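These notes are about the structure you will find just below.
Every heavy atom of this structure was used, including side-chain atoms; hydrogens, water molecules and symmetry mates were not. Quantities reported herein were computed from a predicted structural model and do not represent experimental measurements.
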Amino acid sequence: MDVVPIFQPYAHGDTSIRVLQGMFEDANFDQITLISAWVKRSAMRRLAVPAGSFQSRGGFIRVIAGLSQGGASEEGLDAALDMADEAWAIFDPSGRTFHPKMYIASGKEKFSVLLGSSNLTSAGLTTNFEANTLLKGSFALLSDSTYFSACKQYVDTLLRDSGVSRRLDQQLIEAIRSDPQIVLSPEHASANASASPSPRRTTLFSRSNNTLSTAPPVPRESEIESRIRHESTRASTLETLKPRSDTVLLWSKVITKANSMRTGAHPTGHLTLTKSNYPINASSWFRDTFFAECEWISTTDNRGRLREQCLVEFEINGIFESAVKVPLQVDHTPSWASSQNNRTTILHWGPLMTPLRNDVNIENSHVVIEKSSDGAYSLSVGKKFEEDAGATEG
């Protein structure tokens, strides 16, 4: 096993952010688990681009976030839920602190583990004084494989410890925020812009004599994020929706409280694609007909069941003052056909989650998704929907 010390912030050494970015960029890896006592949006934004590329290749990301000592932020939990395929929260009400910082990447033949003191925060990954060890192993070697098995067993034990470990969703984030026993630290926009430390006036210490690493610029927000952030204003009036002239497939339903993402409504973070009074087999129609031409990748859920995912660009209408094109993830889990009443397919709100939760109330509105003759998709929200033809098997 190769052992590489990572001593931050001395400029002659590497930084944790570069190690993690390298994990996401390494084609040998298809699973990454990020475990940290503290999780902040500032760090997640620095990893967003390589993480997105990793997922587009079929990679699976899990984030396990601690809630001890007020180190986590609500923005960080939201960012973890948005970026990860699977996110978990750990909290022990007995007073024990969840304190590990371990980042595991694995593939068919190799693995890497970054283990040490760096939290999943911008400063922890870039400018703080931190001591970490990067271990690179091969499954072909028994000693390496044994070490990886121990790491995996630790993760599995954490996630099976149902008293302190819970699968993170929007409903749990809302519950955590309202629980007086769990403290979340607010994360301000100015704090996210830079990991540069704030100077302190003291006569007891002076600056380091060494050259120290500085934080790389935070990746600029995408055009999509910028457009959503600047246009998260509801259209002045809700329009009556009608099918487009070039629509070949469509589906609609009334948005429930849970699907609306409003605070206090037990939001799910997604739109459940149901039968909704159409003559379709909801367990297969969305996967095999409506989104059949999309590029699907196969993965598994947290119970090892087959799940297929695709990224679909929608033109969003009715939520903002003008149309915005946004890529949204669609999940199809065939095994839900029996356990979820044939509700096998969901559409994640993704980058729309924040404006839907904070600025836009779409509860009891009609949502319509359409596919046009040229293969383009749209999602529209209105006060009512007058349709001539709806979802069909063909």
Side-chain angles (χ1 to χ4, degrees), residues 48 52 55-56 82 221-256 259-261 268-274 276 278 280 285-297 308-332 345-392:
Q55 288 171 314
S56 70
D82 190 36
E221 65 182 353
S222 68
E223 181 181 349
I224 293 167
E225 292 173 323
S226 177
R227 190 85 184 274
I228 288 174
R229 181 167 60 82
H230 287 98
E231 297 194 20
S232 54
T233 303
R234 186 59 182 270
S236 56
T237 58
L238 281 176
E239 302 293 332
T240 296
L241 301 174
K242 294 183 179 181
R244 298 185 175 197
S245 59
D246 61 346
T247 292
V248 294
L249 291 171
L250 70 80
W251 171 90
S252 72
K253 80 170 188 177
V254 176
I255 299 176
T256 64
N259 284 168
S260 72
M261 291 297 299
T268 62
H270 62 257
L271 177 67
T272 306
L273 305 182
T274 63
S276 188
Y278 288 109
I280 61 172
W285 184 79
F286 296 99
R287 167 63 179 87
D288 297 338
T289 302
F290 198 89
F291 297 113
E293 297 176 3
C294 298
E295 185 176 347
W296 292 87
I297 60 172
E308 294 181 285
Q309 299 175 329
C310 67
L311 198 63
V312 183
E313 184 176 73
F314 285 91
E315 180 184 281
I316 308 297
N317 299 286
I319 294 179
F320 307 110
E321 291 183 350
S322 59
V324 181
K325 288 191 175 181
V326 179
L328 299 177
Q329 180 178 313
V330 178
D331 286 1
H332 176 71
T345 311
I346 60 175
L347 186 152
H348 292 272
W349 288 122
L352 297 176
M353 284 174 60
T354 298
L356 287 179
R357 196 174 98 186
N358 299 330
D359 306 307
V360 185
N361 186 0
I362 59 173
E363 182 185 344
N364 295 323
S365 301
H366 286 255
V367 61
V368 182
I369 58 175
E370 297 174 79
K371 180 181 180 182
S372 65
S373 55
D374 63 358
Y377 292 91
S378 64
L379 185 153
S380 305
V381 176
K383 63 181 178 181
K384 63 178 182 177
F385 177 49
E386 297 176 355
E387 60 179 314
D388 299 319
T392 66

Fill in: Straight-line distance of Lys371 NZ to Cys294 SG, nearest 0.5 Å
7.0 Å
Discussion item. Does any part of the side chain of Lys253, heavy atoms only, come nearer than 4.5 Å to the side chain of Val367, both counted from C-beta?
Written reply: yes
Worksheet item: If you round to the nearest 0.5 Å, how far is NE2 of His270 from OG1 of Thr345?
Response: 11.0 Å
Worksheet entry | Backbone N/O of Ser252 and side chain of Ser276: donor-acceptor pair under 3.5 Å | yes
Worksheet item: Mind checking whether Phe291 and Leu273 have side chains closer than 4.5 Å, heavy atoms only?
Response: yes
Worksheet item: Roughly how far, to the nearest 0.5 Å, is CG of Leu328 from CH2 of Trp349?
Response: 8.0 Å
Worksheet item: Would a 4.5 Å heavy-atom cut-off, applied to side chains only, mark Trp251 and Trp285 as touching?
Response: yes
Discussion item. In the structure I gave you, are the side-chain heavy atoms of Arg244 and Leu250 within less than 4.5 Å of one another anywhere?
Written reply: no
Practice prompt. Have a look at Leu379 and tell me which of Asn317, Val326, Ile369 forms a side-chain contact (heavy atoms from CB on, under 4.5 Å) with it.
Written response: Ile369
Practice prompt. Report yes if some heavy atom in the side chain of Ile280 is under 4.5 Å from a heavy atom in the side chain of Phe286; otherwise report no.
Written response: yes
Worksheet item: In Å and rounded to the nearest 0.5 Å, what is the OG to CD distance from Ser380 to Glu315?
Response: 7.5 Å
Discussion item. Quick check for you: to the nearest 0.5 Å, what is the distance between Trp296 atom CH2 and Asp331 atom CG?
Written reply: 8.0 Å
Worksheet, complete the sentence: CD1 of Ile316 to NZ of Lys325, rounded to nearest 0.5 Å, is 11.0 Å
